[in-house]
Novice: 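Next up is a structure, given as structure tokens.
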Amino acid sequence: MAVFAPVITIYPPQKITGNSLEPPGPEHILGTDELGMDIWSQICYGARMSLTIGLAVAFAAGFGGGAVGILAGYIGGNVDEALMRVIDITMALPSFPLLIVISAFLGPSILNVILILVLFSWAKPARIARSQTLALKKNDYITAARNYGAKPFYLLWRHIFPEVMPVLLVLVIGISSHAIIAETGLAFLGLGDPTSKSWGMMLNHATGFRSIYFTPYWQWWLLPPLFMLIFLLLCLAFISRDMERILDPKLKIKKGF
């Protein structure tokens, strides 16, 4: 839906193409909002926004935090101790209230939302990657390679990072789900980019309409973005579960795969 949005929609998402609050019909599959914009187009293009934010945050926080954790676990010493204290503080902070405050301070922008979500999402991948690295660098083949003169970059790139990668891939899917939920929450509270047609902004506009609950408008204006958000999160949850089952060898042995 996100990739083929221009093909499966008729109208642009930010153009008035009908009367205000038209019910679903042949011209508008899911009706129109209070300005006369097609809701189906907003749903399709909103999928792009949600996936873009979710995947951008997931890859930046997952692999960025994972790289920091791998380096800290391999180097050890004061660097490792300092990183662990930063991770402890980051994970102890109440993330969503701080997201609201920082978003209100920086202003509504997609880039600001991504940066803020990355700031509160990198700690868990870093901690898990560090623990995996501490266990891996004690293996005999790592010790043998180091004794034969292997450089740290070679050991990290050739041996440690490929072993940690499956765990990071599973974490990336989970982080994307949390990022999509957080972005939707910020947009729902009016702290998202008002120029973007995300599902959170659609929910914000729908619930901001005074008569939404006393009229049938909620049936085609409020429910579709909410249903699509739930459906996307369920899909990501199933993908994360199957990726963990495929990529985690311990889980395979435990379940007899």
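Positions are given from 1 along the sequence. Scope of the values below: all heavy atoms of this structure, side chains included, with no hydrogens, waters or symmetry mates. Remember, it's a predicted structure, so these values are computed and weren't measured experimentally.
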Novice: Given side-chain contact (heavy atoms from CB on, under 4.5 Å), test Arg127 with Asp88 step by step and report yes or no.
Specialist: CA-CA 9 Å; Arg127 167 171 281 184; Asp88 291 338; 2.3 Å; yes
Novice: With a 4.5 Å cut-off on side-chain heavy-atom distances among I, L, V, M, F, W and Y, is there a chain of contacts connecting Leu71 to Val79?
Specialist: no
Novice: For Asn147, I'd like to know if atom CG has over 12 heavy atoms of other residues, nucleotides or ligands within 6.0 Å.
Specialist: yes
Novice: Could you give me the CA-CA distance, side-chain angles and deciding distance for Trp157 and Tyr154, then say whether ring pair (Phe, Tyr, Trp, His ring centres under 6.0 Å) is met?
Specialist: CA-CA 5 Å; Trp157 182 256; Tyr154 175 82; over 10 Å; no
Novice: Would you compute the distance between atom OG of Ser176 and atom CZ of Phe59 and round it to the nearest 0.5 angstrom?
Specialist: 8.5 Å
Novice: Are any of the side-chain heavy atoms of Ile43 and Pro225 separated by less than 4.5 Å?
Specialist: yes
Novice: Working to the nearest 0.5 Å, report the span between CZ of Phe63 and CG of Leu171.
Specialist: 9.5 Å
Novice: Would you indicate whether the side-chain heavy atoms of Leu232 and Trp199 approach each other to under 4.5 Å?
Specialist: yes
Novice: Is the side chain of Asn139 donor-acceptor paired with the backbone N or O of Ile142 at a distance under 3.5 Å, no angle test?
Specialist: no
Novice: Quick check: closest heavy atoms across Pro13 and Met37, and the distance to 0.1 Å?
Specialist: O-SD, 3.7 Å
Novice: Got a sec, which hydrophobics cluster with Ile10, joining ILVMFWY side chains under 4.5 Å apart, including via others?
Specialist: Tyr11
Novice: Counting only N and O atoms by type, is there a donor-acceptor contact under 3.5 Å from the side chain of Trp122 to the main-chain atoms of Leu119?
Specialist: yes
Novice: Quick check: are there more than 12 heavy atoms from other residues, nucleotides or ligands sitting under 6.0 Å from CZ of Arg158?
Specialist: no
Novice: Does atom CD (Glu27) have a neighbourhood of more than 12 heavy atoms from anything else shown, all under 6.0 Å?
Specialist: no
Novice: Would you check, one step at a time, whether the test side-chain contact (heavy atoms from CB on, under 4.5 Å) holds for Phe161 with Leu156?
Specialist: CA-CA 6 Å; Phe161 187 73; Leu156 291 171; 5.7 Å; no
Novice: Can you tell me how far CG of Leu233 sits from OG of Ser240, rounded to the nearest 0.5 angstrom?
Specialist: 12.0 Å
Novice: Sub-3.5 Å donor-acceptor pair from the side chain of Ser131 to the main-chain atoms of Ile128, do we have one?
Specialist: yes
Novice: Minimum heavy-atom separation for Leu168 and Gly62, please, with both atom names.
Specialist: CD2-O, 3.9 Å
Novice: Apply side-chain contact (heavy atoms from CB on, under 4.5 Å) to Ile110 and Ile53, showing your working.
Specialist: CA-CA 8 Å; Ile110 296 299; Ile53 293 176; 4.0 Å; yes
Novice: Taking the side chain as everything from C-beta on, heavy atoms only, tell me whether Phe188 gets closer than 4.5 Å to Thr207.
Specialist: yes
Novice: Rounded to the nearest 0.5 Å, what's the gap from CD on Gln219 to CG on Leu30? Could you check?
Specialist: 12.0 Å
Novice: Starting from the C-alpha separation in whole Å, work towards a yes-or-no answer on side-chain contact (heavy atoms from CB on, under 4.5 Å) for Phe238 and Ile173.
Specialist: CA-CA 10 Å; Phe238 290 140; Ile173 304 298; over 6 Å; no
Novice: Give the cluster check for Leu134 versus Tyr74: same hydrophobic cluster or not, with ILVMFWY residues linked at side-chain heavy-atom distances below 4.5 Å.
Specialist: no
Novice: Over all heavy atoms of both residues, which pair between Ile39 and Trp220 is shortest? Give the atoms and the distance, please.
Specialist: CD1-O, 3.2 Å
Novice: How close do Pro125 and Ala61 get, heavy atom to heavy atom, and via which atoms?
Specialist: CG-O, 3.9 Å
Novice: Tell me, yes or no, whether the heavy-atom count around Arg210 atom CZ, taken from other residues, nucleotides or ligands under 6.0 Å, exceeds 12.
Specialist: no
Novice: Quick check: is Leu106 connected to Val101 through a chain of hydrophobic side chains (ILVMFWY, heavy atoms under 4.5 Å apart)?
Specialist: no
Novice: Are the side chain of Ser20 and the backbone N or O of Glu34 linked by a donor-acceptor pair below 3.5 Å?
Specialist: yes
Novice: Are Leu136 and Met165 joined in one hydrophobic group, where the rule is that I, L, V, M, F, W and Y side chains link up if heavy atoms are under 4.5 Å apart?
Specialist: yes
Novice: For the residue pair Gly18 and His28, what are the closest heavy atoms and their distance?
Specialist: CA-NE2, 3.9 Å
Novice: Can Met201 be reached from Leu21 by stepping across I, L, V, M, F, W or Y side chains whose heavy atoms are under 4.5 Å apart?
Specialist: no
Novice: Within this structure, what is the CD-CH2 distance for the pair Gln42 and Trp221, rounded to the nearest 0.5 Å?
Specialist: 9.0 Å
Novice: Rounded at 0.5 Å granularity, tell me how far CG in Leu191 sits from CD in Glu183.
Specialist: 11.0 Å
Novice: Which atom pair, heavy atoms only, marks the closest approach of Ser103 to Leu186?
Specialist: OG-CD1, 3.6 Å
Novice: Sequence neighbours excluded, which residues qualify as salt bridge (charged side-chain N to carboxylate O under 4.0 Å, His left out) partners of Asp80?
Specialist: Arg130
Novice: Going by side-chain contact (heavy atoms from CB on, under 4.5 Å), Val57 matches just one of Ile180, Ile114, Val113. Which one?
Specialist: Ile114
Novice: Please check if the side chain of Trp40 supplies one atom and the backbone of Ile8 the other of a donor-acceptor pair under 3.5 Å.
Specialist: yes
Novice: Within the supplied structure, the quantity of interest is the number of heavy atoms (other residues, nucleotides, ligands) at a distance under 6.0 Å from Tyr141 OH; does it exceed 12?
Specialist: yes
Novice: Under 3.5 Å, side chain of Lys124 to main-chain N/O of Ile175, donor-acceptor pair present?
Specialist: no
Novice: For Thr32 and Glu22, indicate whether the former's side chain and the latter's backbone hold a donor-acceptor pair under 3.5 Å.
Specialist: yes
Novice: Output yes when a side-chain donor or acceptor of Glu163 lies under 3.5 Å from a complementary backbone atom of Ile160, and no otherwise.
Specialist: no
